[in-house]
Amino acid sequence: MIQQLRETFSGSARHRYVILDRDAKFSREVLDFLDSSGIKPVRTRVRSPWQNGLAGRLWAARAESVSIT
């Protein structure tokens, strides 16, 4: 997970926020990496599963833009 974040956020654009759902894969290690990179993790609300789709689409859109360039 950390390697994917490094690849995603390694561009020249400065990222301030990342939207995360409440999946267990976003562990303390991931949150520490984001903090050390100056990126504020924003979690979706508890018991709001409809927000998971939004977070997933944003991640997919970012992944597509990285793989295209």
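Predicted model, so just to flag it, every value in this text is computed and none were measured. When reading the values below, keep in mind they use all heavy atoms of this one structure, side chains included, and skip hydrogens, waters and symmetry mates.
Atom CG of Leu31 is separated from atom CZ of Phe26 by 9.0 Å, given to the nearest 0.5 angstrom. Distance check: Ile19 CD1 to Lys40 NZ gives 11.5 Å after rounding to the nearest 0.5 Å. Distance check: Ser27 OG to Ile2 CD1 gives 6.5 Å after rounding to the nearest 0.5 Å. Atoms CD and NZ, from Gln4 and Lys25 in turn, are 8.0 Å apart once rounded to the nearest 0.5 Å.
Legend: residues meeting side-chain contact (heavy atoms from CB on, under 4.5 Å) with Arg16, ordered by chain and number and at least two apart, are absent. In this structure, the side-chain contact (heavy atoms from CB on, under 4.5 Å) partners of Asp35, at least two apart in sequence or on a different chain, are Pro41.
Put simply, the side chain of Leu34 does not reach to within 4.5 Å of the side chain of Glu29, judged on heavy atoms. Residues Phe33 and Leu5 meet the side-chain proximity criterion, which asks for heavy atoms closer than 4.5 Å.
Other residues, nucleotides and ligands contribute more than 12 heavy atoms inside 6.0 Å of the CD atom of Gln3.
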